[in-house]
Amino acid sequence: METIRRQLAPRVVGRTITAADAHPSPKFAAATDAISHRIEAVARRGKYLIARLDRDRELVVHLGMTGSLRIADPHAPADPYVRGAWTLDDGSVLELRDVRRFGRIAVVPAGVYDSMPTLHALGPEPLSDDFDPAAFHHALRSSRRPVKTLLMSQRPVAGVGNIYADEALWRAGVHPASRRTSRRQSDRIHAELRTVLSDAIERGGTTLRDYRTFEGDTGRNQEYLECYGRAGRPCLRCGAVLRRSVIDQRGTTWCPQCQRRR
DNA sequence: ACTGTAACCTGCAGGC
DNA sequence: TGCCTGCAGGTTACAG
């Protein structure tokens, strides 16, 4: 989402939304609430894109699993998967395409996120100074749930999904199902998350299937994944066969040798 | 206030 | 070829 934000911002900041269309589902219907507003800035919190609008409103977009943002091609045939479209005052049309409809569009008073509980309780940005090792350790200690579940909850830290959770835990040598995290372990996860996420952003994101940058390109980070999706293949650190299990209904890959449970 | 589970959607790959 | 199963970058509602 950070890659998308960087490319999107210069294309839409300063533009006024003159018209909009939305899929009838309540997850997308709010797109039309942005009509007549001017886009002042494009920010991001975790996986949520937040366009600041005039008159103290925000347009919030989440891409779910299969969402992408793009400028519509006026010559392309109709696309049945467009869930929201905003016409800008330069004539261009910004589209949210989302095959599975797990994404979401909201227009809210600035900073009022009570309709989106995960955004409302979102943890600190992983690449900011607010991501504090002591507070992170405390957050991981505050629950008995598996450490991967906690990371995916977006509360100890923002923006960590299935790929980057597996990558960071593998690099940190922490078992994803571990229910107690030492300070040493949380410090390692903290550091590896920063590395994994900043590298992925530098490489334009991770394209497994649907992900595209705002310019329509695939990312390049999938070429550098060391753990995610490699179950059954040898660990790049120790050679043991990586294993696959399910945590919170999410496929999870880990190394039985490097990520010992304790 | 916690935790675990099901639900929301569609497409695709692989097995038979 | 066609049908069926399982799987997929996530969040939210609901039951206990």
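Just so you know, these numbers use all the heavy atoms, side chains as well, and skip hydrogens, waters and symmetry mates. Lettering follows sequence order; numbering is per chain, from 1.
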For this session: Round to a whole Å and report the spacing from CZ of A:Phe102 to P of C:dG10.
Result: 11 Å

For this session: Take atom P in C:dG6 and the same atom in B:dA7, then report the distance between them in whole Å.
Result: 15 Å

Exercise. Considering only side-chain heavy atoms of A:Arg209, which listed nucleotide, C:dA8, B:dC8, C:dT12, is closest?
Worked result: C:dA8

Exercise. Reckon A:Arg179 touches a base, only the sugar-phosphate, or nothing at all at heavy-atom distances under 4.0 Å?
Worked result: sugar-phosphate

Exercise. With a 4.0 Å cut-off, would you call A:Arg44 and A:Glu2 a salt bridge?
Worked result: yes

Seminar exercise, completed: Considering only heavy side-chain atoms of A:Leu208, the closest of C:dT12, B:dA7, C:dG9 is C:dG9

For this session: Indicate, yes or no, whether a donor-acceptor pair under 3.5 Å links the base of C:dA8 to the side chain of A:Arg250.
Result: no

Problem set entry | Distance in Å, A:Leu96 CG paired with A:Asp21 CG, rounded so as to fall on 0.5 Å steps | 12.5 Å

Problem set entry | Interatomic distance, A:Arg11 atom CZ to A:Leu8 atom CG [nearest 0.5 angstrom] | 9.0 Å

Problem set entry | Side-chain donor/acceptor contact of A:Arg101 with base of B:dC9 under 3.5 Å | no

For this session: Apply side chain to side chain donor-acceptor pair (under 3.5 Å) to A:Tyr211 and A:Gln222, showing your working.
Result: CA-CA 11 Å; A:Tyr211 169 77; A:Gln222 64 280 5; over 6 Å; no

Exercise. Looking at A:Arg97 and A:Asp210, does any basic side-chain N land under 4.0 Å from a carboxylate oxygen?
Worked result: no

For this session: Calculate the interatomic distance between A:Leu150 atom CG and B:dG4 atom P; express it in whole Å.
Result: 10 Å

Exercise. For A:Ser143 and B:dC2, is the shortest distance between a side-chain N/O and OP1 or OP2 below 4.0 Å?
Worked result: no

Exercise. Hey, does the side chain of A:Lys47 come within less than 4.0 Å of C:dG9's phosphate (OP1/OP2), counting only N and O?
Worked result: no

For this session: State which of B:dT10, C:dT12, C:dG9 makes the closest approach to the side chain of A:Arg100.
Result: B:dT10

For this session: Measure from the side chain of A:Pro117, starting at C-beta and using heavy atoms only, and say which of B:dT10, C:dA13, C:dG10 lies closest.
Result: C:dA13

For this session: Identify whether any heavy atom of A:Thr66 sits under 4.0 Å from a base atom; if not, whether one sits that close to sugar-phosphate; answer base, sugar-phosphate or nothing.
Result: nothing

For this session: Can you tell me which stems involve DNA chain B, if a stem is defined as three or more consecutive Watson-Crick or G-U wobble pairs, both distances under 3.5 Å?
Result: B:2-8 with C:10-16, B:10-16 with C:2-8

For this session: Would you mind telling me which residue lines up with the more 5' stretch of DNA chain C, A:Arg104 or A:Arg244, judged by nearest nucleotide?
Result: A:Arg244

Exercise. Taking atom P of B:dT3 as reference, at what distance in whole Å does atom NZ of A:Lys148 sit?
Worked result: 18 Å

Problem set entry | Atom pair CZ/OG1 of A:Arg220 and A:Thr206 - distance to nearest 0.5 Å | 10.5 Å

Exercise. When you measure from the side chain of A:Gln249, which nucleotide among B:dA7, B:dT10, B:dT3 comes out closest?
Worked result: B:dA7

Exercise. Nearest-Å distance, CG (A:Leu96) to C1' (B:dC9)?
Worked result: 14 Å

Problem set entry | salt bridge (charged side-chain N to carboxylate O under 4.0 Å, His left out) partner of A:Glu95, chosen from A:Arg83, A:Arg70, A:Arg212 | A:Arg70

Problem set entry | Candidates C:dG9, C:dT12, B:dT3 - which lies nearest the side chain of A:Asn162 | C:dG9

Problem set entry | A:Asp210 CG - B:dT10 C1' separation (whole Å) | 10 Å

Exercise. Are any of A:His62's side-chain N or O atoms less than 4.0 Å away from OP1 or OP2 of C:dT11?
Worked result: yes

Exercise. How is A:Arg145 classified with respect to the nucleic acid when contacts are heavy atoms under 4.0 Å: base, sugar-phosphate, or nothing?
Worked result: base

Seminar exercise, completed: Here the distance between atom C1' of B:dC9 and atom CZ of A:Arg83, to the nearest Å, is 8 Å

For this session: Select base, sugar-phosphate, or nothing to describe what A:Thr206 touches, counting heavy atoms under 4.0 Å on all strands.
Result: base

Exercise. Rounded to the nearest Å, what distance is computed from the CE atom of residue A:Met152 to the C1' atom of nucleotide C:dT12?
Worked result: 14 Å

Exercise. Got a salt bridge between A:Arg194 and A:Glu192, using NZ or NE/NH1/NH2 to carboxylate O under 4.0 Å?
Worked result: no

For this session: For B:dC12 and C:dT11, measure between their C1' atoms and round to the nearest Å.
Result: 23 Å

Problem set entry | A:Gln154 side-chain N/O to C:dG10 phosphate OP1/OP2 under 4.0 Å | no

Exercise. Does some side-chain heavy atom of A:Arg104 sit less than 4.5 Å from a side-chain heavy atom of A:Phe28?
Worked result: no

Exercise. Can you check C:dG9 for me, syn or anti if syn means within 90° of 0?
Worked result: syn

Exercise. What integer number of Å spans the C1' atoms of C:dG9 and B:dG14?
Worked result: 22 Å

For this session: Would you kindly give the OH-to-P distance between A:Tyr113 and C:dT11, to the nearest whole Å?
Result: 15 Å

